[in-house]
Enquirer: 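Sharing a structure, written as structure tokens. Questions coming.
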Amino acid sequence: MPVYNSDVAEIFNQVADLLEIEGANRYRVRAYRDAARTIATMSRNVSDMVEEDEDLTELHGIGEDLAGKIKEIVGTGDLEQLEEIEQRTPPALATLLEVEGLGPKRVKKIYEELEVTSVEELKEAAEEDEIRDLYGLGPKTEDKVLEDVERWSAVEERTRRDVAEERVEPLLTYLRDLEGVRRAEAAGSYRRKKETVGDLDVLAISGKGGDVIAQFVAYEDVEEIVSEGETRSTVVFRSGLHVDLRVVEEGSYGAALLYFTGSKQHNITLRNIALEQDLKVNEYGVWDTSGDPEEPEQVAGETEEEIYGLFDLPWIPPELREDRGEVAAARRGDLPNLITLDDVRGDLQMHTKASDGRGSLREMAEAARDLGHEYVAITDHSGYIGVTQGLEADELAERMDEIDEMNEAMGDVRILKGVEVDVLEDGSLDLPDDVLEKLDVVVFAIHSHFDLSADKQTERIIRAMDNPNVHILAHPTSRQIGKRSAYDVDMGRVMDAALERGCFLEVNAQPDRLDLDDLHCKMAKERGLKVAISTDAHTQDELRFLRYGVGQARRGWLEAGDVLNARSWDDLRDLLER
DNA sequence: GCCGTTTTCGGCCCGACTGTTTTCAGTCG
């Protein structure tokens, strides 16, 4: 059985949770979490590294001990240490840590004094008013626990980026219009352009915190006020989205923006650099601690650029702030020049009424032209999947004539002849070669048999790429955020095969797909494999989804040169020759 | 448990808020 990075990370996180409840040294606990994170976010497969006998201690946060444990997990699928811990401490206690207001200390207390080991028992204990009698806890904590447990199953944990966007932008407008507010921005994972956000972090500059907070909690979308202080408040929107507002003074704006944008790990890395220079970074600024430690002197804080500059670093774009090597790259002067929406010159996947889209050929082309695109590929579905009413070969031929006429009529945007052809279970394609070879762009996709083994799925995709007529693998893992997980596939092999055959992978910009994800984008870049950022639009409005795809590509360190459709049609056409 | 242009030992980010306290621990981000 293959051991994936996520398996190793999960075991380490479980060890960390249980050790923490047992009251182990917090830095030891953190070491397990750091290691889990390193393994989970690296683009290589750790079991490959073990197999090739590479030195695991080269990895950040992995020393001799954890390297040995990784080898054990890769070899056996389990960790003996975890089994031993689970003899002492019930594994389900780790789940209780996820309940709001419960940390390791309280979980330990509730377990030891009330023998609670599961969420169900926790709920019962709270309903029997047993929690409030414990020393250090009280009725409010008990109520909060009960409320959170009851809400748990109903609420989805993270909010998709587009859904968050719909609520953030009006809130920012509201805040900016308040008296005394000079700026308001969303920070956090939203600013880092993550595909989903947990809580939403919003920052406002104002001299008078209390007033702004009072107006914030009175905002129309607020359903519940979780906390309300002088400079900080947390509320829950009607949609269930948690929103944090922090109010800071102008001189601290850059420091606060940096701090609340995160990621946490990025900030920790910066703070450690600061410590080497006798500087302290907090959300109010950067402070020189070499003089009187009681009264440090503020040396920066108004802008992010100024703060990075103190550490001899260029400003690092928020999308890169994930502690995935961006600080080291910045130090070397080696930060990528990230692709922007303006760099994109066309769109290589969209649908019309001819299959499951809503706009006509002309409507889609005109909408794309209005966005400034130089070219668009019309890629209606092939016939295999009944629900999407795909095109048969003869219909596709008619379509090509139509496109020729439209190109002559319009002139200001080039319409490319394309298709999104289905890959059948055995890796063959749903349209004959003599049809495919006449097209400018052949997008190929998996829409069925998601449950094949990783080996079979990988072989299936590679076999499809063996056909010299295909160009771009659409939504390469077929995951749908919050709905369907990626199918099992060896993405490294798929990428290598694409590179050998002159094929490309897509970053599908639909906000519920964003597939390839950020780590896969980075993986492609490291191999020198180019990607297309395509909207897969089914309506004219969806052509604007490009911004989500660009956001994901930026998180994956991609530059204009890594992206097919950041090229002119002439250059792109050369690349599509196989 | 990890790590090192001070260090192989002694550190490991730091402040706000809440609820429970009677001066602060626990949790959170």
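Hydrogens, waters and symmetry mates play no part in the numbers below; they use all other heavy atoms, side chains included. So you know, we letter chains A, B, ... as the sequences are listed, proteins then strands, and number each from 1.
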Enquirer: Roughly how many Å is it from CD1 in A:I273 to C1' in B:dC3, rounded to a whole number?
Expert: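 My rounded result for the distance is 15 Å.
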Enquirer: Round to the nearest Å and state the distance from A:E20 atom CD to B:dG1 atom C1'.
Expert: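 That distance rounds to 14 Å.
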Enquirer: Say we look at B:dG1 and B:dT5: how far apart would their P atoms be, to the nearest angstrom?
Expert: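 Per the computed distance, 23 Å lies between those P atoms.
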Enquirer: Rounding to an integer number of Å, can you tell me how far A:N267 CG sits from B:dG29 C1'?
Expert: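 After rounding, the reported distance stands at 10 Å.
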Enquirer: Tell which nucleotide pairs with B:dT8, taking only Watson-Crick or G-U wobble pairs whose two distances are both under 3.5 angstrom.
Expert: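 Looking at the geometry, B:dT8 pairs with no nucleotide.
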Enquirer: Select base, sugar-phosphate, or nothing to describe what A:F260 touches, counting heavy atoms under 4.0 Å on all strands.
Expert: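 Touches nothing.
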Enquirer: Is it the case that the side chains of A:E228 and A:S233 hold a donor-acceptor pair, with the cut-off being a distance below 3.5 Å and no angle test?
Expert: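 No, no side-chain donor-acceptor pair sits under 3.5 Å.
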Enquirer: A:K194 has an atom NZ; how far is it from atom P of B:dG29, in whole Å?
Expert: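 Rounded to the whole Å, the gap is 14 Å.
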Enquirer: When the C1' atoms of B:dT7 and B:dC2 are considered, how many whole Å apart are they?
Expert: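 14 Å, rounded to whole Å.
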Enquirer: Determine the Euclidean distance between corresponding P atoms of B:dT22 and B:dA16; express it in Å to zero decimal places.
Expert: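 Each nucleotide's P atom is 24 Å from the other's.
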Enquirer: Give the rounded distance in Å between these two atoms: CG of A:L97 and P of B:dG26.
Expert: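 Distance check: A:L97 CG to B:dG26 P gives 14 Å.
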Enquirer: Considering residues at least two apart in sequence or located in another chain, which fulfil the salt bridge (Lys or Arg N to Asp or Glu O under 4.0 Å) criterion with A:D65?
Expert: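 Salt bridge (Lys or Arg N to Asp or Glu O under 4.0 Å) check on A:D65 returns A:K69.
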Enquirer: For A:D278 and A:T289, which I'm curious about, is there any donor-acceptor pair between the side chains at under 3.5 Å?
Expert: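 On atom types as modelled, these side chains do not qualify, holding no pair under 3.5 Å.
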Enquirer: Figure out the NZ/P separation between A:K109 and B:dG26, and round it to whole Å.
Expert: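 Value for this atom pair: 8 Å.
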Enquirer: Using the C1' atom on both, measure B:dC13 against B:dT27 and round to a whole Å.
Expert: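 Nearest-Å result for B:dC13 against B:dT27 at atom C1': 16 Å.
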Enquirer: Quick one: sort the A:Y32 and A:F12 rings into parallel, tilted or perpendicular, breaks at 30° and 60°.
Expert: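 A:Y32 and A:F12: perpendicular rings.
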Enquirer: Provide the distance between the two P atoms, one in B:dC14 and one in B:dT20, to the nearest whole Å.
Expert: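 Nearest-Å result for B:dC14 against B:dT20 at atom P: 29 Å.
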Enquirer: Over how many whole Å does the gap from A:E276 atom CD to B:dG11 atom P extend?
Expert: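 Computing the A:E276:CD to B:dG11:P distance gives 17 Å.
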Enquirer: Let me have a per-nucleotide readout for nucleotides 13-20 of chain B, 5' to 3', with B, S or -, counting only protein heavy atoms under 4.0 Å.
Expert: BBSSSSSS
Enquirer: Looking only at the side chains, is there a donor atom on one of A:W287 and A:Q298 sitting less than 3.5 Å from an acceptor on the other?
Expert: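 On atom types as modelled, these side chains do not qualify, holding no pair under 3.5 Å.
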Enquirer: Give a yes-or-no answer on whether the side chains of A:E322 and A:H266 include a donor-acceptor pair shorter than 3.5 Å.
Expert: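 Per modelled atom types, A:E322 and A:H266 side chains form no pair under 3.5 Å.
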Enquirer: Do A:D78 and A:T76 have side-chain N/O donor and acceptor atoms under 3.5 Å apart?
Expert: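 Their side chains do not contain a donor-acceptor pair, so the 3.5 Å distance test is not met.
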Enquirer: I need the CG-C1' distance between A:D65 and B:dG1, as an integer number of Å.
Expert: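 Atom-to-atom, A:D65 to B:dG1, this comes out as 7 Å.
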Enquirer: When rounded to the nearest Å, what value does the distance between C1' atoms of B:dT18 and B:dT23 take?
Expert: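 About 15 Å, rounded to a whole number of Å.
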